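Notes follow the structure.
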Amino acid sequence: MNVMQQECRYLLLVASAVMNQKKTPVLSNSLMSWRDLYQVAEANQVANLIYLGILGFGSDIEKQARTLFYKSYQKELKNVPLYRSAEEVLLWQLERHRIYFMILEGQFLRELYPQKELRRMDRIRVWVSKGELHRIDSIMRSMDYELHENREDDGILYYKIPGVYVAFYEKLRFVSKRMEKYFDSPVRMFSKVKGYRYLRCFDEEEAYLYMAGRAASEYALGRAGIRTVLDFWLYEKRHSEELDWSYINKVLKRKRLQEFSRHLLRLGNIWFGNEVCDEMEIYNAMEMYIFSRGEQGRQTSEKILPLLQDVADFYRRDREGEWQIKEKELLFPKREYMETLFPVLKKFPWLFFPCCLIRLWRIKVSRRKQLDEKKSKEDIRME
């Protein structure tokens with residue numbers, strides 16, 4: 001076993017001990033670097049969880065590495081009330097403005113863990129009705145949030161000091177087009193949460209299918225980590241007796257995700273439930289695929305998740321979407337920008353579209369002049 005494999009296996013051993021509330025065995029006489037272990041844990045978004053597993057270690061752990069793990073845990077400990085308060089205010093604001101919405105990923109994920117701070121929260125994900133993003137922007141800015149660059153997906157991301165992130169989506173996107181179609185209904189069509197008028201939620205089967213779709217997308221894109229497996233495994237463990245498995249399996253089979261979800265749960269059982277399996281070749285390959293970010297174990301992964309072959313198409317759709325946005329911005333820029341070119345818009349906002357046409361005409365004339373000048377210079381050189 002090489003050093004990298006040793007780090008990953010030991011990381012899983014610590015995570016399993018924490019989740020099962022057992023004592024973590026100390027790995028002595030090892031070439032493993034604790035700083036490297038922290039980097040792997042951070043990449044898998046479980047460094048805060050690992051801290052509890054190494055809490056009783058003495059000189060066996062490097063001081064700098066211990067500090068890094070401690071800071072990760074302390075950050076999440078502070079984030080628990082911070083995100084809870086942010087979510088409560090968000091619910092109140094969206095209800096007040098009569099916007100249909102659903103919390104896709106929020107505080108309920110923390111409830112799956114033995115201690116809330118063990119689940120790292122990097123953002124609250126909110127699904128809203130189409131056409132509401134312009135109202136969302138005003139609401140978020142009124143609460144001192146600012147627009148933030150989102151490098152993860154197509155959600156509109158907002159940030160607020162001292163460290164709360166909220167992402168909004170008008171459409172649920174998955175690598176699987178079939179899964180996108182399943183969740184293509186308007187958000188208002190889903191079940192209403194008791195005590196609210198506009199807040200919606202998935203039923204338990206829909207939540208399971210959403211998490212399966214999300215996990216499959218992250219896995220196919222090489223972004224899945226320990227937290228991906230842990231979230232899915234904990235949800236199934238919490239709700240397995242209440243779920244309608246005949247319905248779930250029927251949907252997953254149609255979406256070509258049944259085999260993958262079954263193997264992902266089995267991987268969770270191996271990692272966190274100490275299960276022994278006869279098909280370890282498959283799960284070793286999945287483990288390798290996850291820790292290498294999709295670079296190794298791909299051949300086996302393609303067999304259990306045909307979705308991997310659709311990744312190229314997913315990126316193509318992303319590029320097409322980006323181009324459409326750029327094209328739209330070229331034709332119809334933001335009002336603030338247009339007002340700097342045409343101050344009359346401040347007094348007569350209904351002139352926005354005519355002003356856009358005038359702007360495009362000016363751009364066309366300017367480009368034509370540049371081409372004529374370039375041609376004239378070339379003619380002079382030829383003479």
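Computed from a prediction, not measured in an experiment: that's the story for all the values here. Just so you know, residue 1 is the first one in the sequence shown, and it goes up from there.
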* Could you check R151 against E149 for salt bridge (charged side-chain N to carboxylate O under 4.0 Å, His left out), going step by step and ending with a plain yes or no? => CA-CA 6 Å; R151 297 181 180 180; E149 183 183 5; 3.4 Å; yes

Measuring from [X]:[atom1] to [Y]:[atom2], what's the distance to the nearest 0.5 Å?
X    : Y    : atom1 : atom2 : answer
L112 : M19  : CG    : CE    : 9.0 Å
I50  : L118 : CD1   : CG    : 10.0 Å
D137 : Y145 : CG    : OH    : 13.5 Å
L209 : K255 : CG    : NZ    : 9.0 Å
I270 : L265 : CD1   : CG    : 11.0 Å
L133 : F168 : CG    : CZ    : 8.5 Å

* Tell me the side chain to side chain donor-acceptor pair (under 3.5 Å) pairs involving residues 188-206, sequence neighbours left out? -> none

* To do: Would you mind listing every side chain to side chain donor-acceptor pair (under 3.5 Å) that reaches into residues 286-296, with sequence neighbours excluded?
  => R9-E287, W271-E287

* Asked: Below 6.0 angstrom between ring centroids: does that apply to Y51 and F69?
  -> no

Going by an N to O cut-off under 4.0 Å, is there a salt bridge joining [X] and [Y]?
X    : Y    : value
K171 : D184 : yes
R66  : E62  : no
E105 : R125 : yes
R135 : E132 : yes
D154 : R173 : yes
E146 : K160 : no
R110 : E87  : no

Do [X] and [Y] have side-chain heavy atoms sitting under 4.5 Å apart?
X    : Y    : answer
L157 : L147 : no
Q21  : P114 : yes
F272 : L230 : yes
R214 : S217 : no
C355 : L345 : yes
N48  : K75  : no
I124 : I103 : yes
V164 : V166 : yes

Which heavy atom in [X] sits nearest to a heavy atom in [Y], and how many Å separate them?
X    : Y    : result
M286 : I304 : SD-CD1, 3.5 Å
I290 : A224 : CG2-O, 3.4 Å
L11  : A41  : CD1-CB, 3.6 Å
Y38  : A47  : CE1-CB, 3.9 Å
L52  : V18  : C-CG2, 4.2 Å
G213 : L257 : CA-CD1, 4.3 Å

* Asked: Y165: what forms a ring-ring contact (aromatic ring centres under 6.0 Å, His included) with it, not counting sequence neighbours?
  -> H148, Y159

* For Y83, what residues pass the ring-ring contact (aromatic ring centres under 6.0 Å, His included) criterion, not counting sequence neighbours? -> none

With no hydrogens and no angle check, is any side-chain donor or acceptor of [X] less than 3.5 Å from a backbone partner on [Y]?
X    : Y    : answer
S72  : L68  : no
N150 : A167 : no
S16  : L13  : no
T24  : G53  : yes
N20  : K22  : no
E218 : G225 : no
S85  : P81  : no
W233 : L264 : no

* Structure fact -> So salt bridge (charged side-chain N to carboxylate O under 4.0 Å, His left out) across residues 224-239, not counting sequence neighbours, yields R119-D231, D122-R227

* To do: Could you give me the CA-CA distance, side-chain angles and deciding distance for R120 and E42, then say whether salt bridge (charged side-chain N to carboxylate O under 4.0 Å, His left out) is met?
  => CA-CA 10 Å; R120 180 170 170 178; E42 187 67 11; 2.9 Å; yes

* Name the one of Y182, Y210, Y208 that satisfies ring-ring contact (aromatic ring centres under 6.0 Å, His included) with F202? -> Y210

* Parallel, tilted or perpendicular, as decided by the 30° and 60° cut-offs, for the rings of Y235 and H239 -> tilted

* Does atom CZ of R98 have more than 12 heavy-atom neighbours, drawn from other residues, nucleotides or ligands, at distances under 6.0 Å? -> no

* To do: Take atom CD of E242 as the centre, draw a 6.0 Å sphere, and report whether it contains more than 12 heavy atoms from other residues, nucleotides or ligands.
  => yes

* Going through the checks in order, is the ring pair (Phe, Tyr, Trp, His ring centres under 6.0 Å) test met by F183 and F174? -> CA-CA 10 Å; F183 287 103; F174 303 89; 5.7 Å; yes

* After noting the C-alpha distance and the side-chain angles of E76 and K116, does the key distance pass the salt bridge (charged side-chain N to carboxylate O under 4.0 Å, His left out) rule? -> CA-CA 9 Å; E76 221 49 51; K116 291 182 175 64; over 6 Å; no

* Sequence neighbours excluded, every pair satisfying ring-ring contact (aromatic ring centres under 6.0 Å, His included) that has a member inside residues 108-139 -> W127-F190

